[in-house]
Protein chains: 2
Amino acid sequence: MAGDTRERLVRVARDLIHDSSFAQVSVEDICKEAGVHRGSLYHFFPSKERLGLAVLDANWAMMSALLDEAFGAEAPPLERIDRFVRGFGGMIVLMRERMGSTPDCPIGGLSAELSGHSAEMRAHATRILDAWAAHFSGAVREAQARGEVDTRLDPEETALRILAYLQGTALLARTYDRPELVEHARGGVRALLGTSL
Amino acid sequence: MAGDTRERLVRVARDLIHDSSFAQVSVEDICKEAGVHRGSLYHFFPSKERLGLAVLDANWAMMSALLDEAFGAEAPPLERIDRFVRGFGGMIVLMRERMGSTPDCPIGGLSAELSGHSAEMRAHATRILDAWAAHFSGAVREAQARGEVDTRLDPEETALRILAYLQGTALLARTYDRPELVEHARGGVRALLGTSL
DNA sequence: CTTCCACTTGACTGATCAGTCAACACCGTC
DNA sequence: GACGGTGTTGACTGATCAGTCAAGTGGAAG
């Protein structure tokens with residue numbers, strides 16, 4: 001029971017947020033679900049907004065693990081991108097199974113919502129998105145060096161396109177409640193790279 | 001002053017929602033901005049949710065006009081898609097200028113938020129998204145018949161990819177506050193179609 | 001002139017919201 | 001066994017929320 005209260009709050013908050021949205025989840029909802037009293041939450045977080053930021057960071061840690069696993073592999077760059085997209089789709093499917101409804105992208109959805117609160121939040125969100133896109137642009141550059149991707153493609157622009165496509169796919173998957181859309185995103189990503197699958 | 005109260009409420013609600021989100025805009029905010037008393041709003045709308053639906057419909061009307069203008073033109077199918085993407089980007093840029101911050105996609109963002117409220121809302125949102133995608137799939141099919149697009153591409157899947165890419169681009173544009181991302185979306189759409197620009 | 005109805009008014013309800021606070025419990029340390 | 005820091009408690013504040021309602025207003029129709 002010692003020390004894990006903060007962790008539990010973040011975990012519960014994440015689940016509740018992904019099931020609806022940051023705005024629609026109240027501090028009381030989170031506390032009740034976590035079995036914690038309101039004052040306790042404010043011992044760890046100065047505001048609900050900061051708790052949201054902690055959730056975003058936790059999501060980014062999860063996404064980073066996925067990225068490291070895929071991009072750290074000993075594999076050609078295009079296959080590393082494929083691996084990540086598969087992992088991303090698997091994560092969405094898993095979350096859907098755990099919560100009964102298809103979630104948004106854990107990064108994009110929350111980022112978009114929090115970045116409307118303050119400039120500081122937006123800066124934080126863009127930093128995360130930049131770090132994410134950097135994995136893609138690095139792989140694109142490498143694939144170009146290997147002659148697998150057209151060198152006329154700008155790596156940064158292409159990376160942003162892939163990111164946008166994944167975000168949009170997650171958004172549609174949520175609205176349609178069809179998590180498999182994200183699972184099948186590899187084809188679209190390959191099309192953006194100009195390489196047949 | 002007669003008859004336009006309902007219209008004004010929808011217009012004001014739309015602006016406020018695009019500037020933040022449906023959840024963060026209160027009924028009082030809308031009424032104050034529209035110069036209308038709370039009871040009056042509830043004369044026209046049975047709930048805030050229904051007002052949100054009216055806003056979504058108004059946005060769809062606007063988007064439909066854009067679609068009709070682009071896809072009704074006497075032009076080859078790929079150019080019609082280009083025209084729409086240009087129009088879409090122009091709309092986002094215009095909204096950004098009018099409101100001081102980059103909005104979400106008027107359809108996708110609100111749809112995603114409302115569809116979490118009830119199954120009825122989600123059905124409404126998906127119907128709109130389907131109608132939108134149908135414009136793309138029709139053009140893809142036509143381009144395939146003209147030999148301009150690889151016939152191995154599934155028109156419906158490709159249409160959904162384009163839609164997802166546009167939604168995601170709008171989402172990134174909002175988070176980065178860079179509306180020009182949407183203006184430059186044509187290249188990405190063309191990549192998804194497997195055709196050079 | 002009267003009836004009628006679409007529309008407006010603004011005060012009201014009860015719920016819920018984020019956030020505060022002083023008191024308290026449990027710890028290892030000295 | 002006194003101390004101090006790390007957490008916990010639960011009642012509290014004041015604001016804000018969506019939605020209600022009975023009493024109006026004004027104009028068109030009869």
Side-chain angles (χ1 to χ4, degrees), chain A residues 1-58 110 113-122 124, chain B residues 1-58 110 113-122 124:
Chain A
M1 199 67 82
D4 63 354
T5 299
R6 188 196 144 98
E7 201 179 321
R8 188 154 25 98
L9 281 167
V10 172
R11 188 162 30 87
V12 165
R14 180 169 63 186
D15 286 351
L16 293 177
I17 287 169
H18 287 162
D19 204 35
S20 54
S21 74
F22 179 72
Q24 292 211 330
V25 173
S26 73
V27 171
E28 179 139 324
D29 292 337
I30 297 166
C31 289
K32 198 168 286 182
E33 188 72 18
V36 160
H37 290 260
R38 308 168 58 63
S40 227
L41 186 147
Y42 285 96
H43 174 73
F44 294 102
F45 304 98
S47 68
K48 186 193 178 190
E49 201 181 54
R50 287 290 185 160
L51 171 59
L53 204 83
V55 169
L56 180 58
D57 283 335
L110 189 51
E113 198 170 354
L114 287 178
S115 59
H117 285 216
S118 71
E120 184 196 351
M121 294 284 158
R122 216 189 59 205
H124 198 97
Chain B
M1 198 67 81
D4 63 354
T5 299
R6 189 195 143 99
E7 201 180 322
R8 188 153 25 98
L9 281 167
V10 172
R11 187 161 31 86
V12 166
R14 179 168 65 186
D15 286 351
L16 293 177
I17 287 170
H18 287 161
D19 204 34
S20 54
S21 73
F22 179 72
Q24 293 211 330
V25 173
S26 73
V27 171
E28 178 139 325
D29 291 338
I30 296 166
C31 289
K32 198 168 285 182
E33 187 71 20
V36 161
H37 290 260
R38 308 167 59 63
S40 225
L41 185 148
Y42 285 96
H43 175 74
F44 293 103
F45 304 98
S47 67
K48 186 193 178 190
E49 202 181 54
R50 287 290 185 158
L51 172 59
L53 203 82
V55 169
L56 180 58
D57 283 335
L110 190 51
E113 198 169 355
L114 287 178
S115 60
H117 284 217
S118 71
E120 186 197 350
M121 293 283 157
R122 215 189 59 204
H124 198 97

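The chains referred to below are lettered A, B, ... by the order of the sequence lines, with proteins before strands, and numbering in each begins at 1.
When side chains are defined from C-beta on, His124(B) counts as touching Asp57(B), because their heavy atoms get closer than 4.5 Å. Taking the side chain as every heavy atom from C-beta outward, Tyr42(A) and Val27(A) approach each other to under 4.5 Å.
With rounding to whole Å, Gln24(B) atom CD is found 13 Å from dA18(C) atom C1'. Residue Glu28(A) contributes atom CD, which lies 14 Å from atom P of dT9(D) at whole-angstrom precision. Rounded to whole angstrom, the span from the OH atom of Tyr42(A) across to the P atom of dT13(D) amounts to 17 Å.
Distance alone, capped at 3.5 Å, is enough to place a donor-acceptor pair between the Glu113(B) side chain and the Phe22(B) backbone.
Across residues 34-41 of chain B, His37(B), Gly39(B), Ser40(B) each have a non-hydrogen atom less than 4.0 Å from an atom of DNA chain C (numbered order).
The stretch residues 34-54 of chain A participates, sequence neighbours left out, in these salt bridge (Lys or Arg N to Asp or Glu O under 4.0 Å) pairs: Glu28(A)-Arg38(A), Arg50(A)-Glu120(A).
At the phosphate of dC17(D), OP1 or OP2 sits under 4.0 Å from a side-chain N or O atom of Ser26(B).
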All N/O contacts under 3.5 Å from nucleotides 26-28 of chain D to the protein, with atom names and distances to one decimal?
none

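Side chain of His43(A), nearest nucleotide from dC7(C), dG19(D), dT6(D): dT6(D). Closest approach to the Thr5(B) side chain among dT8(C), dG19(D), dT8(D) is made by dT8(C) (side chain taken as heavy atoms from C-beta onward).
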